[in-house]
Structures are given as structure tokens and as C-alpha cells.
Amino acid sequence: MADVSSSPASASAPETLTVMGGGLVGSLLALYLARHGHAVELFERRPDIRGAGPIEGRSINLALSDRGWRALEGVGIAEAVREVAIPMHGRIMHDTQGGLTFQPYGQAGQSIYSVSRAGLNRRMLDLVEREPAIRLYFNQQCRRVDVKRQELELLDTATQQSRVVSYQHLFGVDGAFSAVRSALQRTDRFNYSQEFLDYGYKELTIEAAPDGQWPIEKNALHIWPRGQYMMIALPNLDGSFNCTLFFPYEGPDSFATLQTPEQVLAFFQRVFPDAVPLMPNLQTEFFENPTSSLVTIRCFPWAVHDQVLLLGDAAHAIVPFYGQGMNAGFEDCTILNELLHRHGPNWAEVFREFEAQRKPNTDAMANLAVYNFQEMRDRVADPRFLLQKKIESKLSAQYPDKWLPLYSQVTFSSLPYAEAWANGQAQESIMQRLMPHIQSEEDYQRPEVQQLVAAEMARRPTGPR
């Protein structure tokens, strides 16, 4: 790693690119840019996590799916990540009596993967540091971006020394509360909105069994849906599970009403009784781990001429209920890579086409994420909803060229998010017309139902619909 204090300004090289943010998407972006022959300076606000402890109480596990794998394959890291990823073949719903219901995610062989955020970031930083075209700096807090002068003011949080760095092309990949985007918000006609859910989230832990094995099914994402709130759990390599409680800030059952260890234990014993024996540190973690907010951020434009471009959460932060936040950010890198192959270093054209292509799709993904929160929280325990999902699977098997479930379109394909969202809405309309005629799986084969299905499918276009 280069020494910040002794390094020359980035403006000294004619085509040095500046990346602000060394998280998952920033690291991947730097690797892609270097593969196109550019020198890259990568600045990260935090210390090097490879020598640090736990990361700020942020989400420990992520769900990696097809779009993310495609992006990782593009820089040759996919196989290394697959070694530390756990496949999850479907959801397991836990009811209040401890009963379990399994719902597969897709067709046989299709899975999403639980990966450690920190573990993945460490592997990507190792790859970044081995790339001679990339210079990597930690503890670099962006205090100011002067868009007109094309300058950054950076504070080294280790030495408390400030300096000004010039840039030619700046990529803002510094998260939902991006310093680069904050500077763009002060430019003319910049649209920005942030919308918080009335829910927060808190990280908790299901401990590994005494023999180091997983105490509940390893190859699944576990959900405890309870109507107005829910808990989920993703497996770790050490046999434990990272749990996330999504919970209202206020109300009868809320963070506001759970104020003592006794209240927390009583609540969990009532609502998540099968999980409590597996969570010996529940009360300690509940009060020591932070309560984090859930925000959707939309903004536009993402680019300033050929000088600045926002990507990842800096451009389109979403709530985590489709497991697509990281995957969408990784797909940003895939799309930018394709545009660089098409246009070369014509940055104005690359930036213009990137934001025009990605903005509608990331807006659609934001809608999908909120929609899936409502589905996971309220509907996955509803017998009618589960029946509808089984009927949708039958439709997909009978008409594979005309019906692909919405979840599969988002998770197991690279179909643009906006197309998937439109297809999903059309499919839901069809299901609303079919389901009144179906009370059981067997009803699907009734001649009158098959006649209705055939009529609906005749109106559907061929393709991933």
C-alpha cells in the first residue's frame, strides 16, 4: 500500500482515474478500470479491514446471486469467492409453533449464496493490492468535492492531516451517504430523495452447535415472518447464523417498547420460541449492537459531463429485502465494463449511456425491494400465498417460454430490472384472475382451469415473462 503523505497528486498522470470508496463495489470497479489499462487511485474512509475488528455493526452476511457472480467472473475472482460461499436453495419459514415450511428459490440447481461482507471485501482488497495499476489508500475521509475545480479535500483520519487532490475522472462509490453525491446535490437541477422505512434492523446471532455444526438447516435462508415484523438468518462457515431482526421503531411491539433484558427475552420467547434456545447471547447483543435504519435513495443525474460518475449505493441505495443491493452495484460494474469496451475512454459518452441505461432499472429494483419486504413479512406464512407460488411453478413448467417467476427473473437472470418489474406486475394480475378458481394444487388440472390458463397464456409474449 502506498504512503499517502509521500505520493504525488493524481493529476500528474494524464489518465489516472480516481475512485472514492473502497468497499465491495469500489474495489470491483477499480479492478475493472485497471483491466482497461488505466491507472487508478482508490481512496477508502475506513482503516484497512484486513487488520481491523468487526465492521461497524453493519450487515455481516450478503446474498450473492447471478448478477453478482457474473461481475466477479469478469475479474477472475468468482471461484475464490465460491470457496467461502454457502448455497441457499430456498426459504424455510418458521411459524410460532416451530413448524417449518420450505419454499425453493428456483429450479433444481438454482441457489443464492450466503457470503460474509467482511470476508468478501478482504478477498477483493487482496486482489486490488496485487494489481500494479491501482494505488490504494485507507483512512481517507472526503471532506469536500469541488466540482468546478475538480479537486478533493481529503482528511487522513490516522494523522489528522488534510490535503487537496486533483482528479480528472472521479467515480463516487462511497455508499448511501456518499460525500461525492453530497457535492453533486449542491449543483443546479440535481434531483435527490431519501425515504426511510418505519423499521430498523438489528444484527443478532444463532450460535453454532457444540460440535461446530449448523443447529438448523445450513442450505437455506430462514425466515420468521410475523406480520408487522420478521427475523431472518443466513448461514456462516463456522456453523453459526447471522440473524437480522427487522422491527418497527415505534408501536406495541417495537424497539421503543423493548427496554430491558427481561422484556427482550419475554418477547422472543413469545414470538420466536424455536430460536431462543439457539441464541445464548440474545439479551447482550440486543443492547450492544446498533439499531440501523433502512433507506431508499434516488437521485439524478449521476454524471457531471465526463468528470464525475456515481455508482452503487451512492447512486441508488435500496432496502435489503431482495438481496440485490450488492448485486445491483456489482452489475453497475459489469455494465460500465461493457460500455468501456464499446466506447473506449470516451468518458462523456460512457457516463451518459451508463446513467440512461441504469437509472430506470435501479428505480425498478428499489420498488421490488420494498415489495419483497411486504411479501416476506406478511405473505410467506399465508397458505393462499404459498398455494399461489406452487401454481406459478406449475405455470412455469407448463409454459417455460412464457412464464418465469418474478423472483427468478431478478435473481437467476440478467434481465433488466425494469423489465422484470413490469413482467411481475403483469403476472400478478393474471394470478389474481386465476386464483379464485383454485383452492388446491389439484384444481390446477381441472379442465375449466386449464382453459382459463390457456387463454391467459395465449395473450402472453414469448420470452422470460
Trainee: Test your reading of the model: is there a side-chain donor-acceptor pair from K359 to the backbone of F354, 3.5 Å cut-off?
Mentor: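 Looks like no, no N/O pair under 3.5 Å.
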Trainee: A side-chain contact here means heavy atoms from C-beta on lying under 4.5 Å apart; do F241 and L278 qualify?
Mentor: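 F241 does not reach L278 side chain to side chain.
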Trainee: Grab the two heavy atoms, one from A34 and one from V40, that are nearest each other, plus how far apart they are.
Mentor: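 Shortest heavy-atom contact: N-CG2, 4.1 Å.
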Trainee: The test is ring-ring contact (aromatic ring centres under 6.0 Å, His included); show your working for Y322 and Y407 and say whether it passes.
Mentor: CA-CA 9 Å; Y322 228 112; Y407 189 88; 5.5 Å; yes
Trainee: Donor-acceptor pair, distance only, cut-off 3.5 Å: does the side chain of Q150 make one with the backbone of Q168?
Mentor: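 Here the side-chain-to-backbone pair exists.
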Trainee: Just jot down the salt bridge (Lys or Arg N to Asp or Glu O under 4.0 Å) partners of E131, sequence neighbours excluded, or say none.
Mentor: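 Applying salt bridge (Lys or Arg N to Asp or Glu O under 4.0 Å) to E131 gives R35.
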Trainee: Not counting sequence neighbours, list each pair that qualifies as a salt bridge (Lys or Arg N to Asp or Glu O under 4.0 Å) and has a residue in residues 71-87.
Mentor: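 Residue pairs with at least one partner in residues 71-87: E79-R82.
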Trainee: Is any side-chain heavy atom of V410 less than 4.5 Å from a side-chain heavy atom of L368?
Mentor: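 Side-chain contact under 4.5 Å: yes.
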Trainee: For Y32, check ring pair (Phe, Tyr, Trp, His ring centres under 6.0 Å) against everything at least two apart and list the hits.
Mentor: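 For Y32 there are no ring pair (Phe, Tyr, Trp, His ring centres under 6.0 Å) partners, ignoring immediate neighbours.
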Trainee: Indicate yes or no for a side-chain donor-acceptor contact from S114 to the backbone of P235 under 3.5 Å, with no hydrogens or angles considered.
Mentor: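 Indeed, once roles are kept as given, a pair shorter than 3.5 Å links the two residues.
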Trainee: Could you walk me through whether W302 and H316 pass the ring-ring contact (aromatic ring centres under 6.0 Å, His included) test, one step at a time?
Mentor: CA-CA 10 Å; W302 295 351; H316 49 76; 5.6 Å; yes
Trainee: Do Y371 and L406 come close enough that some side-chain heavy atom pair is under 4.5 Å?
Mentor: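 Side-chain contact under 4.5 Å: yes.
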Trainee: How would you list, by chain and number, every residue that makes a side chain to side chain donor-acceptor pair (under 3.5 Å) with Y199, sequence neighbours excluded?
Mentor: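 With neighbours one apart ignored, the set is Q228, R377.
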Trainee: How long is the gap from CG on D313 to CD1 on I318, to the nearest 0.5 Å?
Mentor: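 One gets 7.5 Å once the value is rounded to the nearest 0.5 Å.
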Trainee: Which label fits F246 and Y201: parallel for a plane angle under 30°, tilted from 30 to 60°, or perpendicular past 60°?
Mentor: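 If you compare the ring of F246 with that of Y201, the planes turn out tilted.
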Trainee: Are more than 12 heavy atoms, taken from residues, nucleotides or ligands other than D198, located less than 6.0 Å from that residue's CG atom?
Mentor: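 Atom CG in D198 is not crowded, with 12 or fewer foreign heavy atoms closer than 6.0 Å.
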Trainee: Rounded at 0.5 Å granularity, tell me how far CD in E353 sits from CG in L336.
Mentor: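 Answer rounded to 0.5 Å: 10.5 Å.
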Trainee: Sort and list the pairs that fulfil salt bridge (Lys or Arg N to Asp or Glu O under 4.0 Å) and have at least one residue in residues 298-307, not counting sequence neighbours.
Mentor: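 Checked against salt bridge (Lys or Arg N to Asp or Glu O under 4.0 Å) - neighbours excluded - the pairs reaching residues 298-307 are R298-D363.
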Trainee: Under a 3.5 Å cutoff, is there a donor and acceptor pairing between the side chains of N236 and N61?
Mentor: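 Short answer, yes.
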Trainee: Indicate whether any N or O donor in one side chain lies under 3.5 Å from an N or O acceptor in the other, for Q307 and H169.
Mentor: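 Judged by distance alone, the side chains do not pair up.
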Trainee: Mind running side chain to side chain donor-acceptor pair (under 3.5 Å) on E428 and Q388 for me, showing each step along the way?
Mentor: CA-CA 10 Å; E428 182 62 24; Q388 178 174 322; 3.2 Å; yes
Trainee: Is a side-chain N or O of N337 found less than 3.5 angstrom from the main chain of C333, in a donor-acceptor match?
Mentor: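 Here the side-chain-to-backbone pair does not exist.
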Trainee: List for me each residue that meets ring pair (Phe, Tyr, Trp, His ring centres under 6.0 Å) alongside Y444, sequence neighbours excluded, and say none if there are none.
Mentor: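 Result, ring pair (Phe, Tyr, Trp, His ring centres under 6.0 Å) vs Y444: none returned.
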Trainee: Evaluate the side chain to side chain donor-acceptor pair (under 3.5 Å) criterion for residues T205 and E285: first the C-alpha distance (whole Å), next the side-chain angles of each, then the deciding distance (0.1 Å), finally the verdict.
Mentor: CA-CA 8 Å; T205 306; E285 287 189 326; 2.8 Å; yes
Trainee: Do the rings of Y249 and F255 sit parallel, tilted or perpendicular, given the 30° and 60° boundaries?
Mentor: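 Rings of Y249 and F255: tilted, as their planes differ by 30° to 60°.
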Trainee: Restricting to side chain to side chain contact (heavy atoms under 4.5 Å, CB included), what partner residues turn up for S111, sequence neighbours left out?
Mentor: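 By the side chain to side chain contact (heavy atoms under 4.5 Å, CB included) rule, S111 matches P87, H89, Y113.
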Trainee: Examine the side chains of D274 and W224 and answer whether a donor and an acceptor come within less than 3.5 Å of each other.
Mentor: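 Indeed, the side chains of D274 and W224 share at least one donor-acceptor pair under 3.5 Å.
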Trainee: For D126, is there an ion pair with R50 - N to carboxylate O distance below 4.0 angstrom?
Mentor: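 Salt bridge flag = yes for D126 with R50.
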Trainee: Counting distance only, does the side-chain N/O of T257 pair as donor-acceptor with the main-chain N or O of P252 below 3.5 Å?
Mentor: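 Indeed, once roles are kept as given, a pair shorter than 3.5 Å links the two residues.
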Trainee: What's the spacing between R123 CZ and S27 OG if we round to 0.5 Å?
Mentor: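 Here the rounded value is 14.0 Å.
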Trainee: State, with a plain yes or no, whether a side-chain heavy atom of V19 is found less than 4.5 Å away from one of V173.
Mentor: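 In contact.
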Trainee: If the condition is side chain to side chain contact (heavy atoms under 4.5 Å, CB included), which residues does R144 pass it with, not counting sequence neighbours?
Mentor: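 Side chain to side chain contact (heavy atoms under 4.5 Å, CB included) check on R144 returns D146, E153, V164.
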Trainee: Any chance you could measure T18, atom OG1, to Y167, atom OH, to the nearest 0.5 Å?
Mentor: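 One finds 9.0 Å between OG1 of T18 and OH of Y167.
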Trainee: Going by salt bridge (Lys or Arg N to Asp or Glu O under 4.0 Å), name the residues that satisfy it together with E442, two or more places apart in sequence or in a different chain.
Mentor: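 For E442, no residue satisfies salt bridge (Lys or Arg N to Asp or Glu O under 4.0 Å) once neighbours in sequence are set aside.
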Trainee: If we ignore angles and hydrogens, is there a donor and acceptor under 3.5 Å between the side chains of Y229 and D253?
Mentor: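 Their side chains do contain a donor-acceptor pair, which is all the 3.5 Å distance test asks for.
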Trainee: Which residues pass the salt bridge (Lys or Arg N to Asp or Glu O under 4.0 Å) test with R433, not counting sequence neighbours?
Mentor: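 Applying salt bridge (Lys or Arg N to Asp or Glu O under 4.0 Å) to R433 gives E456.
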Trainee: First locate atom CD of E448, then atom NE2 of H437, and finally report the distance between them rounded to the nearest 0.5 Å.
Mentor: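 Output value for this atom pair is 9.5 Å.
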Trainee: In terms of side-chain heavy atoms, does E419 have a donor or acceptor partner in Q409 at a distance below 3.5 Å?
Mentor: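 Result is no, nothing qualifies.
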Trainee: In terms of side-chain heavy atoms, does Q324 have a donor or acceptor partner in Y417 at a distance below 3.5 Å?
Mentor: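 Looking only at side-chain atoms, Y417 and Q324 do form a donor-acceptor pair, the distance falling under 3.5 Å.
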Trainee: Does a side-chain heavy-atom distance below 4.5 Å link Q110 with T411?
Mentor: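 No; the side chains remain at least 4.5 Å from each other.
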Trainee: Between E349 and R342, is the salt bridge (charged side-chain N to carboxylate O under 4.0 Å, His left out) condition met? List the steps.
Mentor: CA-CA 10 Å; E349 183 61 21; R342 190 181 312 158; over 6 Å; no
Trainee: Does M88 offer a backbone N or O that forms a donor-acceptor pair with the side chain of N219 under 3.5 Å?
Mentor: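 A pair under 3.5 Å: no.
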Trainee: Is it the case that R181 and Q185 place a side-chain donor and acceptor less than 3.5 Å from each other?
Mentor: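 Yes, Q185 and R181 have a side-chain donor paired with an acceptor closer than 3.5 Å.
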Trainee: Any salt bridge (Lys or Arg N to Asp or Glu O under 4.0 Å) pairs touching residues 328-339, not counting sequence neighbours?
Mentor: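 Every salt bridge (Lys or Arg N to Asp or Glu O under 4.0 Å) pair that includes a residue of residues 328-339, provided the two are not neighbours, is R67-E331, R70-E338, E331-R358, D332-R358.
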Trainee: L120 versus V84: any side-chain heavy-atom pair under 4.5 Å?
Mentor: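 L120 does not reach V84 side chain to side chain.
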Trainee: Taking T296 for the side chain and A366 for the main chain, is one N or O donor matched with an acceptor at less than 3.5 Å?
Mentor: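 Not a single qualifying donor-acceptor pair exists.
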Trainee: Hey, what do you get for OG1 (T244) to CG (L234), rounding to the nearest 0.5 Å?
Mentor: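 Taking OG1 in T244 and CG in L234, the distance rounds to 7.0 Å.
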Trainee: Would you check if Q103 and M93 make a side-chain contact, meaning some heavy-atom pair closer than 4.5 Å?
Mentor: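 In short, these two side chains touch, coming nearer than 4.5 Å.
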Trainee: Decide yes or no on side chain to side chain donor-acceptor pair (under 3.5 Å) for H222 and E217, but give the supporting numbers first.
Mentor: CA-CA 8 Å; H222 294 260; E217 170 56 45; over 6 Å; no
Trainee: Hey, does the Lys NZ or Arg CZ of K202 hover above the aromatic six-ring of F247, less than 6.0 Å from the centre and inside 45° of the axis?
Mentor: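 Here K202 fails the 6.0 Å and 45° test against F247.
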Trainee: Can you tell me if Q97 has over 12 outside heavy atoms packed within less than 6.0 Å of its CD?
Mentor: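 12 or below, so no.
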Trainee: Is the number of heavy atoms from other residues, nucleotides or ligands within 6.0 Å of NE2 (H305) greater than 12?
Mentor: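 Counting other residues, nucleotides and ligands, NE2 of H305 stays at 12 neighbours or fewer.
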Trainee: Could you tell me whether the side chain of F171 reaches within less than 4.5 Å of the side chain of L29, counting heavy atoms only?
Mentor: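 Touching, per the 4.5 Å side-chain cut-off.
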Trainee: Quick one: salt bridge (Lys or Arg N to Asp or Glu O under 4.0 Å) partners of K394, sequence neighbours excluded?
Mentor: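 Salt bridge (Lys or Arg N to Asp or Glu O under 4.0 Å) check on K394 returns E441.
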